[in-house]
Amino acid sequence: MAAALPRNGDLADQLELLADLSEILGEQPFRVLAYRRAAARIRDTAASVAELALAGTARELPGIGKTIEAKIVEAVESGEMQALSRRRAQVPGEVASFMRLPGLGPKTAARIWRELGVTTLAGLREAAERQRLRALPGFGQKSEEKILRALAEGAAAGEPRRGLLGSGLPLLREVVEALRAHPAAVEVSEAGSVRRRKETFRDLDVIATAADPAALTAHFVALPWVLEVVAHGDSKATVITKQGLRLDLRVAAPESYGDLLQHFTGSKEHNVALREEAQRGGLSVSEYGVTVSETGEVRTFRDEESLYAFLGYAFIPPELRESAGELEAARTGTLPHLVELADLKGDMHCHSSWSADGRASIEEMARAAAARGYRFLCLTDHSHSLRDGRIEAQWEEIAAVNERVAPFRVLRGVEANITAKGDVDLADEVLEQLDWVVASLHTSFDRSPTERILAAIESPHVDCIGHLSGRRLSRRRGADVDVERIVARAAETRTALEINAQPERLDMRDVHARLAGEAGVLVPVDSDAHTTQALAYAELGIGQARRAWLTKDQVLNTRTWAQIAKMRG
DNA sequence: GCCGTTTTCGGCCCGACTGTTTTCAGTCG
């Protein structure tokens, strides 16, 4: 077998570093921008870009041309792009990491290196302590203090920590409610990446209009969960919460609420693409309004619908605003009608106390699901908890519960483990008596994960693959699975691929779920709940499904169990 | 370095804040 191809993430990292080093070396800014755009595109591509480049088709991706495609081929064949190796030889190792310090960009990093001869983070700390940095023009005492503080906090060490959507969304909603309750507030909305339901966030954004903006921002910085006020003006404030989350409020005039909300919902890439398009039509878009270049007339919009309409687009749901084809679809009237939380009729992956880590009884889970408006629940306790005849005992309990909760229905399921050899760890005689079999990787993620998942898909008893990559956000990156092959085979065998809605999983990720949907794979949105409360994670999974452009039809559990059983024949 | 219903050449989103400044570059979102 050939050596593994570099992952999209690895290629994107190389291009990002190439961009950083090029910038420090003072090269053409637009080339740097091109590297960064290509990196972002590669990260959000489901297919293996290494494979595409080898086939000569990577250049069909927007933002990737002949030159960058050739660089990717180099990286595949030799491990690293030559352009990157060359610049690495020119710029000392840690200079690029200077740029991770807040307020410190490429220009400043270059000057610290070239003019002061500082090449390491330790050297940078020493230079700041000895007040050598202020020798640089435009540098003073405050800049030195800021750098020392950031170094002490370990800001340069690695990636900035991101919060999980599952923890940010509830807090953001509390803030929105608290602001709405204030008499000066007119309209209040969540914004930013959380509004787009992106799986992780850097900060939480809130937008408002108010009769008295200063009163509202004053109320905001005095909310009970505020630990520290970072900035506080009449129209804008930033605070740090007691959980260490960064919270931003922007207040605007009611007549340009739509402009502001659109701007602060992002994504940055969506806004850049939107504005570039608008500019070609002689319009300049900002958070304050749309300026007609020829006349200088400024149009403002009270809501996003009318802003998008004025620019020639259908309303684009926030979850789609990632510059991934949504602008074209909105212009041509081909946006999908996205699935909604209320469409769900059941949950197809959850656990009871029959699993070692489950907390609620079967009946408690069933009643909680019914209370959410569901009609059925596939109970999928772990296979290793159901050995030695326990599964038959569980079936008896399921039957008894079903009598008590009818017409709600609990189905006999299991979450089986895909072993290191690629087997499903339950006997066929047991599997064939089950209504719903989820098979998942739980261990040995680096041992041929693709082949093991494909083997599970081939089993006639496996109905669905659980949490495809096994990733844990901000803890463990997922298995390096060949999603294209798995999706293709899942489509042929009519095996479902779930979106697991656990806050730290959200697995499949958005671009992979989109690929699955396009291939005709049915995607259940599952909570993987181990408690009754965790059934509510379905909302996060629906956000992920919407980010994947999925419609109601493409999400399997928008159907009743009777409909699903009929479909499966 | 990429890209094109004004362009294969000449563009490339937009505005605010920060620190150190008498008019701005650099950085950020």
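Residue numbering restarts at 1 for every chain, and letters A, B, ... go by the order of the sequence lines.
Looking at heavy-atom distances under 4.0 Å, A/R280 makes contact with a base. Residue A/F264 is classed as having no contact, given no heavy-atom separation below 4.0 Å to the nucleic acid. At the heavy-atom level, A/Q141 lies under 4.0 Å from the strands shown only through sugar-phosphate atoms. Residue contacts for A/L274: at a heavy-atom cut-off of 4.0 Å it reaches no nucleic acid atom on any strand shown. Looking at heavy-atom distances under 4.0 Å, A/V32 makes no contact with the nucleic acid at all. If you check every strand for non-hydrogen atoms under 4.0 Å, A/P29 touches nothing.
Look at CZ on A/R250: it is 7 Å from P on B/dC17, rounded to the nearest Å. If you take CZ of A/R275 and P of B/dG15, they are 8 Å apart, rounded to a whole angstrom. Computed from coordinates, the A/H263 NE2 to B/dC14 P distance equals 12 Å when rounded to whole Å. Protein atom CG of A/L104 is 17 Å distant from nucleotide atom P of B/dT18, rounded to whole Å. Rounded to whole angstrom, the span from the CD atom of A/E276 across to the P atom of B/dT7 amounts to 17 Å. A/R31 places its CZ atom 19 Å from the P atom of B/dG11, with the value rounded to the nearest Å. At whole-Å resolution of the value, CZ in A/R59 and P in B/dC3 are 11 Å apart.
Looking at which nucleotide of DNA chain B each of A/F139 and A/S286 is closest to, the 5′-most match is held by A/S286. Closest-nucleotide positions on DNA chain B for A/M99 and A/A34 were compared, and the one nearer the 5' end corresponds to A/A34.
Between A/K107 and the phosphate of B/dG26, there is a side-chain N or O to OP1/OP2 separation shorter than 4.0 Å. Side-chain N/O atoms of A/Y288 include one lying less than 4.0 angstrom from OP1 or OP2 on B/dA16. Under 4.0 angstrom from either OP1 or OP2 of B/dG1 there lies at least one side-chain N or O belonging to A/K71. Contact check, A/R37 against B/dC13: a side-chain N or O comes under 4.0 Å of OP1 or OP2. Proximity of A/T67 to the phosphate of B/dC2: a side-chain N or O atom is located under 4.0 Å from OP1 or OP2. Regarding contacts with the backbone of B/dC14, a side-chain N or O of A/Q279 is found under 4.0 angstrom from either OP1 or OP2.
We find that A/R173 and A/E539 are joined by a salt bridge, their nearest charged nitrogen and carboxylate oxygen being less than 4.0 Å apart.
Proximity note for A/T108 (side chain, C-beta onward) versus B/dG26, B/dC2, B/dG29: the nearest is B/dG26. Side-chain atoms of A/K142 lie closest to B/dT20 of the nucleotides B/dT27, B/dC2, B/dT20. Of the candidate nucleotides B/dT27, B/dT20, B/dG1, B/dT20 has the atom nearest to the side chain of A/S143.
At distances below 3.5 Å, not a single donor-acceptor pair connects side-chain atoms of A/R547 with backbone N or O atoms of A/D510.
The partner of B/dG26 is B/dC17, judged by Watson-Crick or G-U wobble contacts that both fall below 3.5 Å.
Residues A/H512 and A/V481 form no side-chain contact, since every pair of their non-hydrogen atoms from C-beta on lies 4.5 Å or further apart.
Ring pair A/F301/A/F310 is tilted by interplanar angle, where 30° to 60° counts as tilted.
For the residue pair A/S85 / A/E80, a side-chain donor-acceptor distance below 3.5 Å is found, with atom types taken as modelled.
Residue A/R546 is tested with A/L320, A/V339, A/L341 for a side chain to side chain contact (heavy atoms under 4.5 Å, CB included); the sole match is A/V339.
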